[in-house]
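Take this structure first; my questions come after.
In the text below, chain A, chain B and the rest are named by the order of the sequence lines, each starting its count at 1.
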Amino acid sequence: MRKPCCDKNGTNKGAWSKQEDQKLIDYIRKHGEGNWRFIPKAAGLLRCGKSCRLRWINYLRPDLKRGNFGEDEEDLIFKLHHLLGNRWSLIAGRLPGRTDNEVKNYWNSHLKKKLISKGIDPNKHRVARRQRTSIVHAHQPSTLPDLNLTLGTSNGAAAAQGSIEADHPSPTLRLFI
DNA sequence: AAAAGGTCCAACCGCGGCGAG
DNA sequence: ACTCGCCGCGGTTGGACCTTT
């Protein structure tokens, strides 16, 4: 049995209050992100580090774009999911201001149903989880690689080809499906 | 008007990878 | 080479809100 990520005694759970949000925002504005395990204590929050990280990334970050997804975003999610499967963080990385959680929720509540209504199995291009890291680590947030997509969907068939190339010093990544 | 069912989204959970020691 | 702790990820859940009957 794995140890819990933090001491669950004396930590709050559930919805965040405005005061908690403000404490976290103030702390990160002053000191920046990083060391999530230490942040709750330093910011005076009775939360576990993971909870703080999630709250910041999914809700409090100033560059977040709230509201409905546009048609272009929806289209891009379709294409990227076809290429990458359930790699929500990678998909979200191509959508400025969107989080992996937001993309995942939108997929599960809207896009999945659209695919099913068109007779397309939304899971058939799923990529095994164990293949994840080789791709994630070639993808540095500040140096997003160019992504080229060619996608044939005229009859709903799974004809897709894509490539991701990173022309920075880290190893070049190419992904063909 | 109210109960039942459905939808959506914020938040939690547990796992796997990675780096430090 | 191995262990341990942290971080980030995808899957899942709980409950608030909305729609239908």
Side-chain angles (χ1 to χ4, degrees), chain A residues 1-25 27-28 31-43 45-70 73-74 77-78 80-95 97-117 121-145 164 166 169-171 173 175 177:
Chain A
M1 189 66 179
R2 195 186 183 84
K3 281 187 208 167
C5 72
C6 51
D7 180 15
K8 299 217 193 292
N9 294 328
T11 56
N12 289 344
K13 282 174 75 171
W16 280 63
S17 68
K18 289 200 170 174
Q19 289 93 332
E20 287 179 308
D21 282 348
Q22 200 52 53
K23 279 184 182 178
L24 186 57
I25 291 168
Y27 181 86
I28 291 179
H31 302 95
E33 294 177 44
N35 202 349
W36 292 107
R37 204 176 164 80
F38 171 76
I39 281 179
K41 209 175 179 182
L45 289 163
L46 293 172
R47 292 276 179 175
C48 111
K50 276 173 97 166
S51 179
C52 293
R53 179 184 156 270
L54 211 63
R55 183 66 178 171
W56 175 253
I57 288 173
N58 288 331
Y59 202 82
L60 300 175
R61 252 168 48 198
D63 58 327
L64 285 181
K65 191 201 280 184
R66 317 284 310 169
N68 294 338
F69 282 73
E73 288 178 303
E74 203 172 282
I77 294 171
F78 270 130
L80 288 168
H81 188 270
H82 208 120
L83 268 175
L84 303 167
N86 294 359
R87 313 290 242 298
W88 306 117
S89 60
L90 274 182
I91 294 171
R94 305 300 307 185
L95 293 161
R98 300 297 188 185
T99 69
D100 55 351
N101 208 33
E102 213 177 355
V103 173
K104 180 173 61 184
N105 282 334
Y106 191 67
W107 175 267
N108 286 329
S109 57
H110 296 90
L111 302 183
K112 216 170 171 179
K113 285 173 194 163
K114 274 196 182 180
L115 282 181
I116 289 168
S117 73
D121 177 1
N123 292 318
K124 66 184 170 193
H125 43 260
R126 178 189 290 240
V127 181
R129 184 182 171 136
R130 62 188 307 164
Q131 296 172 14
R132 189 180 71 203
T133 41
S134 60
I135 294 172
V136 169
H137 284 274
H139 163 203
Q140 301 297 325
S142 57
T143 55
L144 283 174
I164 301 171
S170 65
L173 168 71
L175 171 66
I177 296 171

Neighbour count >12 (heavy atoms, 6.0 Å) for atom NZ, A/K41: no
Atom-pair distance (CG on A/N101; C1' on B/dC13), nearest Å: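 In whole Å, B/dC13 C1' lies 13 Å from A/N101 CG.
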A/L90 CG to C/dG10 P, in whole Å, measures 7 Å
Nearest-Å distance, CG (A/L54) to P (B/dA10)?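 For the pair A/L54 CG and B/dA10 P, the rounded distance is 10 Å.
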Please step through side chain to side chain contact (heavy atoms under 4.5 Å, CB included) for the pair A/I91 and A/N86, ending with a clear verdict. CA-CA 8 Å; A/I91 294 171; A/N86 294 359; over 6 Å; no
Just wondering, do A/W16 and A/Y59 contact through their side chains at under 4.5 Å, heavy atoms? no
Between P on B/dA10 and CG on A/N108, what's the gap in Å once rounded to a whole number? 14 Å
Looking only at C/dG10, C/dG8, B/dC8, the nucleotide nearest the A/K50 side chain is C/dG8
OP1 or OP2 of C/dC9 under 4.0 Å from side-chain N/O of A/R53: yes
Tell me the interatomic distance from A/L111, atom CG, to B/dC8, atom C1', rounded to whole angstroms.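 Answer to the nearest Å: 13 Å.
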Just the rounded figure in Å: distance from P of B/dA11 to NZ of A/K104.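 Atom-to-atom, A/K104 to B/dA11, this comes out as 13 Å.
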Residue-phosphate contact under 4.0 Å: A/R55 side-chain N/O, B/dA10 OP1/OP2: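 Answer no for this pair, as no side-chain N or O of A/R55 is under 4.0 Å from OP1 or OP2.
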Is any side-chain heavy atom of A/L64 less than 4.5 Å from a side-chain heavy atom of A/I57?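 A/L64 does not reach A/I57 side chain to side chain.
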The correct set of residues in residues 16-24 of chain A placing a heavy atom under 4.0 Å from DNA chain B is A/W16
Any A/R47 side-chain nitrogen or oxygen under 4.0 Å from OP1 or OP2 of B/dC12: yes
Could you check whether the side chain of A/K13 and the base of C/dG14 have a donor-acceptor pair of N or O atoms closer than 3.5 Å, going by distance alone? no
Strictly below 4.0 Å: does A/W36 bring a side-chain N or O up to OP1 or OP2 of C/dG8?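 Looking at the OP1 and OP2 atoms of C/dG8, one of them is under 4.0 Å from a side-chain N or O of A/W36.
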When you measure from the side-chain N and O atoms of A/R37 to the phosphate of C/dC7, is any distance below 4.0 Å, counting only OP1 and OP2?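 For C/dC7, neither OP1 nor OP2 has a side-chain N or O of A/R37 closer than 4.0 Å.
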Evaluation steps, side chain to side chain contact (heavy atoms under 4.5 Å, CB included), between A/F38 and A/C52: CA-CA 10 Å; A/F38 171 76; A/C52 293; over 6 Å; no
Could you spell out the base pairing of DNA chain C as a dot-bracket line? Use Watson-Crick and G-U wobble contacts where both distances are under 3.5 Å, [ ] for crossing pairs, | for partners on a different strand. .||||||||||||||||||||
State which residues pass side-chain contact (heavy atoms from CB on, under 4.5 Å) with A/E102; sequence neighbours excluded, sorted by chain then number.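 Testing A/E102 for side-chain contact (heavy atoms from CB on, under 4.5 Å), a comparison that skips the adjacent residues, returns A/F69, A/R98, A/T99.
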Of all residues at least two apart in sequence or in a different chain, which pass the salt bridge (Lys or Arg N to Asp or Glu O under 4.0 Å) check with A/E33?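 With sequence neighbours excluded, A/E33 shows a salt bridge (Lys or Arg N to Asp or Glu O under 4.0 Å) to no residue whatsoever.
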Could you identify which residues of residues 58-70 of chain A place a heavy atom less than 4.0 Å from some atom of DNA chain B, listed by residue number, or say none?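 A/R66 - these, ordered by number, are the residues of the stretch whose heavy atoms sit under 4.0 Å from the strand.
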Expressed as a whole number of angstroms, how long is the span from A/I57:CD1 to C/dC6:C1'?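 Atom CD1 in A/I57 sits about 14 Å away from atom C1' in C/dC6.
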Can a side chain N or O of A/W107 be found less than 4.0 Å away from OP1 or OP2 on C/dG10? no
State, with a plain yes or no, whether a side-chain heavy atom of A/L24 is found less than 4.5 Å away from one of A/L45.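 Heavy-atom side-chain distance check passes, below 4.5 Å.
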Sub-4.5 Å side-chain heavy-atom contact between A/K65 and A/E73: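 They are in side-chain contact.
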Would you kindly give the CZ-to-P distance between A/F38 and C/dG5, to the nearest whole Å? 19 Å
Evaluate the side chain to side chain contact (heavy atoms under 4.5 Å, CB included) criterion for residues A/L90 and A/R94: first the C-alpha distance (whole Å), next the side-chain angles of each, then the deciding distance (0.1 Å), finally the verdict. CA-CA 7 Å; A/L90 274 182; A/R94 305 300 307 185; over 6 Å; no
Apply side chain to side chain contact (heavy atoms under 4.5 Å, CB included) to the pair A/W56 and A/W36, showing each step before the final yes or no. CA-CA 11 Å; A/W56 175 253; A/W36 292 107; 3.8 Å; yes
Give a yes/no answer on whether the side chain of A/S89 brings an N or O atom under 4.0 Å of OP1 or OP2 in C/dC9. yes
For A/Q22, which residues count as a side-chain contact (heavy atoms from CB on, under 4.5 Å) partner, sequence neighbours excluded? A/I25, A/D26
